[in-house]
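Accompanying notes for the structure given below.
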Number of protein chains: 2
Amino acid sequence: MRGICSDRVRPRQRILDTARNLFRKYGIKGIGVEAIAEAAETNKMTLYRHFGSKDELIAECLREAANRACDIWCDLEAQNPGDALAQVKGWVRIGAERVLSEGRGCDLANAAVELPDGDHPAKRVIQEFKVEQRNRLADLCRRAGLQNPDLVSDTLSLLLEGARVNRQSVGPDGPCAQFVAAAEAVIAASQRRPETLIADDRAR
Amino acid sequence: MRGICSDRVRPRQRILDTARNLFRKYGIKGIGVEAIAEAAETNKMTLYRHFGSKDELIAECLREAANRACDIWCDLEAQNPGDALAQVKGWVRIGAERVLSEGRGCDLANAAVELPDGDHPAKRVIQEFKVEQRNRLADLCRRAGLQNPDLVSDTLSLLLEGARVNRQSVGPDGPCAQFVAAAEAVIAASQRRPETLIADDRAR
DNA sequence: GATGGAAGTTACCGATCGGTAACATCCTCG
DNA sequence: CGAGGATGTTACCGATCGGTAACTTCCATC
């Protein structure tokens, strides 16, 4: 009588997927473990047997979200093999799609806002994820031959992070609508002489 | 036996100040009304007589935070009377100070992350605040004679919003450390020919 | 000094929270 | 088939949540 496919997914994975969705929808503190277990078509005991605590479930969800986000780097390389500049532009495009389509920002950044407690097991996951993303983008900008690659990559990071969080406050017609234009301007400027990106008004 | 000064502040204001601090420290959903009342050296009944519900207290706190944030526009004008460009740069400087010193982002943006519920009374406060900030900065950029003032102001907004939220994930040494450099580069670029900001590689 | 409103106190409500014990059932694999 | 581990079920725990009732005390004002 069981479903052909969906119920063949083990409870652990069902819980993870369901929890990620509900955390996004209601916020981490806005949904309880019992509701998560029921939505995952299982029960609280099974949830606790797999994850031990709500905090660990949160951390595991974020680990999965981080791994999923890391896949985009493979996709970028696969779609633009060897062309680092195209990959940077692809990063902007993918980011823009997320900003426009999702409505809720980065799971890990949102979790950092909701969990100011410094001892929470999720904090380490968040920190490591963000550091890795930063390094990867910086490396990409370097390989793309952009001027001031570290500054450009951090600028792009801030623009995307700002767009995703700002959309949650203002909606899709706010400043986030300019994310692509802003990012492209930054990239374009850094393809010229370095002085163009740094304040420097001396005559040619 | 009462304190000379601090206890002369009415309970309503004590509650608002305390709630703002505790919301910042523990998150909106991470602190209860009873704890807020006690920290404000009063009690739950008085809190509810003044605000009616926790949700309304949240909204009122954000209203106050928004009003306080609006004071910076007066300060900018007072410190740089008539010099719109200097005010834009002052906006960057003040934003950088907040990023570096506060450690926790914009109260209103954080609240938007913690309260995905669209019917929450705080949502309207957040939206109106962010829209007003956007309009004011855009107006400032226009008066400063910058090229593409709307694009520049939204870019600056995204950079600041990104810096404040990213700091909560990565800490002060992450991409947010480049906020000033990024913002100044954007401003500098928009002081030149418009083509400098928009992708345009034609020869001179 | 009397009065009225603001504030404090205590106790309580139902609901929900995260988390656990004990036991029944299922499914897989040897 | 049999056995053992994974899963389901039910009931329960203490704590805390947001919110309220009833009553007392304070304090400024007239």
Side-chain angles (χ1 to χ4, degrees), chain A residues 1-20 22-23 25-62 111 114-117 119-123, chain B residues 1-20 22-23 25-62 111 114-117 119-123:
Chain A
M1 194 55 93
R2 301 210 126 199
I4 302 177
C5 171
S6 77
D7 272 353
R8 293 205 61 88
V9 178
R10 298 300 235 179
R12 180 189 157 89
Q13 194 58 45
R14 293 206 311 268
I15 292 170
L16 277 177
D17 294 340
T18 308
R20 265 200 346 128
L22 295 182
F23 285 154
K25 189 167 187 179
Y26 299 104
I28 290 178
K29 302 238 176 119
I31 188 79
V33 286
E34 183 132 43
I36 294 173
E38 283 178 7
E41 293 178 318
T42 178
N43 51 75
K44 210 167 26 162
M45 270 313 305
T46 301
L47 188 152
Y48 274 97
R49 274 192 283 249
H50 278 293
F51 301 100
S53 72
K54 186 185 183 182
D55 288 339
E56 278 303 328
L57 171 62
I58 295 169
E60 195 61 31
C61 281
L62 295 184
E114 269 199 278
L115 307 170
D117 175 16
D119 291 338
H120 197 287
K123 295 304 283 278
Chain B
M1 198 53 96
R2 302 211 125 201
I4 302 176
C5 171
S6 76
D7 274 351
R8 291 205 62 85
V9 178
R10 298 298 234 178
R12 180 189 157 89
Q13 195 57 44
R14 292 207 310 269
I15 293 170
L16 277 177
D17 294 340
T18 308
R20 269 204 339 134
L22 295 183
F23 285 154
K25 189 167 186 179
Y26 299 103
I28 290 178
K29 302 235 176 127
I31 189 79
V33 286
E34 183 132 42
I36 294 173
E38 282 177 8
E41 292 179 319
T42 177
N43 52 75
K44 211 168 22 164
M45 271 313 305
T46 300
L47 187 152
Y48 274 97
R49 274 190 284 249
H50 278 293
F51 300 100
S53 72
K54 186 186 183 182
D55 287 339
E56 279 303 328
L57 171 62
I58 296 168
E60 195 62 31
C61 281
L62 296 185
E114 270 200 275
L115 306 171
D117 175 16
D119 292 339
H120 197 286
K123 295 303 280 281

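Reckoned from all heavy atoms, side chains included, excluding hydrogens, waters and symmetry mates. Throughout, protein chains are lettered first and strands after them, A, B, ... in sequence-line order, and every chain is numbered starting at 1. Treat the numbers as computed from the prediction; the structure is a model and nothing was measured.
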Rounded off to whole Å, could you give me the CD-to-P distance for the B:E56 and D:dG19 pair? 10 Å
Measure the distance from CD on A:E38 to P on C:dG18 and round it to the nearest whole Å. 13 Å
Determine, stepwise, if the pair B:R10 / B:H50 fulfils side chain to side chain contact (heavy atoms under 4.5 Å, CB included). CA-CA 11 Å; B:R10 298 298 234 178; B:H50 278 293; over 6 Å; no
Could you pull out the closest heavy-atom pair between A:P116 and B:K25, with the gap in Å? CB-O, 3.3 Å
How long is the line joining CG of A:N43 and P of C:dC26, in whole Å? 14 Å
Residue that, paired with B:D17, satisfies side chain to side chain donor-acceptor pair (under 3.5 Å) out of B:R14, B:R20, B:Q13: B:Q13
After noting the C-alpha distance and the side-chain angles of B:I36 and B:F23, does the key distance pass the side chain to side chain contact (heavy atoms under 4.5 Å, CB included) rule? CA-CA 9 Å; B:I36 294 173; B:F23 285 154; 3.7 Å; yes
Sorted by position of nearest nucleotide on DNA chain C, 5' first, the leading residue of B:E34 and B:R12 is B:R12
Check: A:K29 side chain, A:L115 main-chain N or O, donor-acceptor pair, under 3.5 Å: no
Can you tell me how far P of C:dG18 sits from NZ of A:K29, to the nearest Å? 11 Å
Looking only at side-chain N and O atoms, does A:T46 come under 4.0 Å of OP1 or OP2 in D:dA6? no
Check the distance between C:dT20's C1' and A:F51's CZ and give it to me in whole angstrom. 18 Å
B:T42 vs C:dG8: side-chain N/O to OP1/OP2 distance below 4.0 Å: yes
Upstream residue (5' side of DNA chain D) when A:K44 and A:H50 are each assigned their closest nucleotide: A:H50
Nearest to side-chain heavy atoms of A:V33, which nucleotide of C:dG18, D:dT7, D:dG18: C:dG18
Between D:dT16 (C1') and B:Y26 (OH): distance, integer Å: 16 Å
Taking atom C1' of D:dG18 as reference, at what distance in whole Å does atom CE of B:M45 sit? 13 Å
Integer-rounded Å distance: D:dG19 P and B:L47 CG: 10 Å
Do A:R49 and D:dG8 have a side chain to base donor-acceptor pair shorter than 3.5 Å? yes
